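Here is the naming used below: chain letters follow the sequence lines, and residue numbers restart at 1 for every chain. Here the structure is a predicted model, which means the values were calculated and not measured.
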Amino acid sequence: MIQKKESTGQSLNSRVLPKSFYIRDDVLQISRELLGKYLVSNIGGKITSGMIVETEAYRASDDKACHAYNNRRTKRTEVMFQEGGRAYIYLCYGIHHLFNVVTGPEDNAQAVLIRALQAEDNLPLMQQRRGIQRMGPQLSAGPGVLSKALGITKLLSGVSLLEGQSPIWIEDRNKVISDEEILASPRVGIDYAEECVDWPWRFRIKGSKWTSK
DNA sequence: CACGGGATCGTCT
DNA sequence: GACGATCCCGTGT
C-alpha cells in the first residue's frame with residue numbers, strides 16, 4: 001500500500017522529476033521518457049493524477065508547428081524560452097486549456113504537449129470536473145480533457161514543476177517503458193506546418209486504451 | 001463507427 | 001478580423 005504525504009500527495013516510493021531531467025537539449029528524448037511518468041496536480045489541496053501515455057514534441061529552432069517557431073517571443077510564448085521545468089499552458093479553440101512541459105536550456109524554446117493520461121489518483125474528482133457519467137478513457141484521453149480532469153487552466157502557465165508547493169509536478173513511480181513499447185507517428189492538427197507535418201514527433205504507449213483519437 | 005459542424009475566445013496580423 | 005497543438009453531439013450507416 002502506497003503511503004501519501006499530506007502536504008504534496010507524493011508517494012513515498014516515487015520521486016519528483018528534477019531540473020536535470022528537463023533542461024537537457026533534446027525534446028524528442030524527453031518526450032519519450034515522459035511516457036510512463038505521472039502528471040500530478042494539487043488544486044486547493046485536492047490531488048489528482050494520471051500516467052502519461054501520449055506526448056508530442058515541439059521545438060522553436062526548426063519546427064513550424066511550434067508556437068515559438070522562428071524564435072517568436074510573445075507574451076504567450078515567453079515561458080517556452082525559459083529554462084526547462086515550467087508549465088506552458090494555452091487556450092485552444094477558445095475552449096480547451098492545453099498543458100505542455102517546457103524543456104531545454106534558457107533561450108532554446110522547446111516543449112512537450114501532454115496529450116493523454118491513464119487516470120490514477122482521485123478518479124471521482126476527475127469525473128466530477130469532467131462532468132461525465134460513465135468512467136472510461138474519455139476521462140483523460142485528449143489534451144483538452146486531461147487538463148479539465150486535473151483542474152489545470154492557462155492561469156497556471158509559467159508555474160514551476162519543481163517547487164515543493166507547485167500546483168503541478170511530474171513523478172517517476174518506477175514504471176519502465178521500453179523503446180519497443182513506444183509508437184512514433186506524425187503529430188495531430190498541425191496541417192499548416194508544411195514540411196514538418198509528417199515528422200514522427202508524436203509518441204504513444206503501444207496498446208494503451210487511454211491515448212487520444 | 002464515420003463524418004460534419006458548432007462552440008468560443010485569446011492571440012497575433 | 002481570422003484562426004487555431006480540440007471536443008462533443010447529431011446524423012446516417
Exercise for the section: Over all heavy atoms of both residues, which pair between A/Leu162 and A/Gly85 is shortest? Give the atoms and the distance, please. Expected result: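 That would be CG-O, 3.9 Å.
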Handout entry: Contact summary for A/Met126 and A/Ala149, nearest pair of heavy atoms
Key =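 Residues A/Met126 and A/Ala149, closest heavy atoms: CG-O, 3.5 Å.
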Exercise for the section: Sort and list the pairs that fulfil ring pair (Phe, Tyr, Trp, His ring centres under 6.0 Å) and have at least one residue in residues 20-56 of chain A, not counting sequence neighbours. Expected result: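 Passing the test, one end in residues 20-56 of chain A: no pairs.
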Practice task
Among residues two or more places apart or on two chains, list those pairs meeting ring pair (Phe, Tyr, Trp, His ring centres under 6.0 Å) that have a residue in residues 171-210 of chain A.
Solution key: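 Counting only pairs at least two positions apart or across chains, the ring pair (Phe, Tyr, Trp, His ring centres under 6.0 Å) contacts touching residues 171-210 of chain A are A/Trp199-A/Trp201.
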We want to know whether [X] and [Y] form a side-chain donor-acceptor pair, criterion being a heavy-atom distance below 3.5 angstrom.
| X | Y | result |
| --- | --- | --- |
| A/Thr74 | A/Thr77 | yes |
| A/Gln165 | A/Asn42 | no |
| A/Ser185 | A/Arg204 | yes |

Practice task
Mind listing the residues from residues 23-31 of chain A sitting with a heavy atom below 4.0 Å of DNA chain B? Number order is fine.
Solution key: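 Within this stretch, nothing sits under 4.0 Å of the strand.
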Practice task
Pull out every residue in residues 83-103 of chain A that has a heavy atom closer than 4.0 Å to any atom of DNA chain B, ordered by number, or say none.
Solution key: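 A/Leu91, A/Tyr93, A/Gly94, A/Ile95, in order of number.
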Sidechain N-carboxylate O distance under 4.0 Å for [X], [Y]:
| X | Y | value |
| --- | --- | --- |
| A/Glu181 | A/Lys206 | no |
| A/Arg73 | A/Asp107 | yes |
| A/Glu120 | A/Lys175 | no |

Practice task
Between B/dC12, C/dT6, B/dT11, spot the one nearest the side chain of A/Arg72, thanks.
Solution key: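 Per side-chain heavy atoms of A/Arg72, the pick is B/dC12.
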Exercise for the section: Counting heavy atoms from C-beta on, name the nucleotide in B/dT11, C/dA5, C/dC7 closest to the side chain of A/Arg76. Expected result: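 Given the options B/dT11, C/dA5, C/dC7, the side chain of A/Arg76 is closest to B/dT11.
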[X] [atom1] to [N] [atom2]: how many Å, rounded?
| X | N | atom1 | atom2 | result |
| --- | --- | --- | --- | --- |
| A/Gln110 | C/dA5 | CD | P | 19 Å |
| A/Ile132 | C/dC7 | CD1 | C1' | 12 Å |
| A/Glu194 | C/dA5 | CD | P | 14 Å |
| A/Tyr69 | B/dC12 | OH | P | 17 Å |
| A/Gln138 | C/dT6 | CD | P | 19 Å |
| A/Glu78 | B/dC12 | CD | P | 11 Å |
| A/Arg130 | C/dT6 | CZ | P | 15 Å |

Please check the phosphate of [N] (OP1 and OP2 only) for any side-chain N or O of [X] closer than 4.0 Å.
| X | N | result |
| --- | --- | --- |
| A/Lys148 | C/dT6 | no |
| A/Arg115 | C/dT6 | yes |
| A/Arg59 | C/dA5 | no |

Handout entry: Nucleotide forming a Watson-Crick or wobble pair with C/dA5, both distances under 3.5 Å
Key =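 By the stated definition (distances under 3.5 Å), nothing pairs with C/dA5.
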Handout entry: Partner nucleotide, any strand, of B/dT8 [Watson-Crick/G-U, under 3.5 Å]
Key =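 Across any shown strand, B/dT8 pairs with none.
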Problem - A/Glu56 side chain to A/Val188 backbone, donor-acceptor under 3.5 Å - result: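 Pair found, side chain donor or acceptor close to backbone of A/Val188.
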Exercise for the section: With sequence neighbours excluded, tell me which residues meet side chain to side chain contact (heavy atoms under 4.5 Å, CB included) with A/Pro186. Expected result: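 Partners of A/Pro186 by the side chain to side chain contact (heavy atoms under 4.5 Å, CB included) criterion come out as none, since no residue qualifies.
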Are any protein N/O atoms closer than 3.5 Å to N/O atoms in nucleotides 2-4 of chain B? If there are, list each pair with its distance.
none

Exercise for the section: Please work out if A/Leu113 contacts a base, only the sugar-phosphate, or nothing of the nucleic acid, heavy-atom cut-off 4.0 Å. Expected result: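 A/Leu113: base contact, heavy atoms under 4.0 Å.
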Practice task
Identify whether any heavy atom of A/Arg187 sits under 4.0 Å from a base atom; if not, whether one sits that close to sugar-phosphate; answer base, sugar-phosphate or nothing.
Solution key: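 No contact at all - A/Arg187 keeps every heavy atom at 4.0 Å or more from the nucleic acid.
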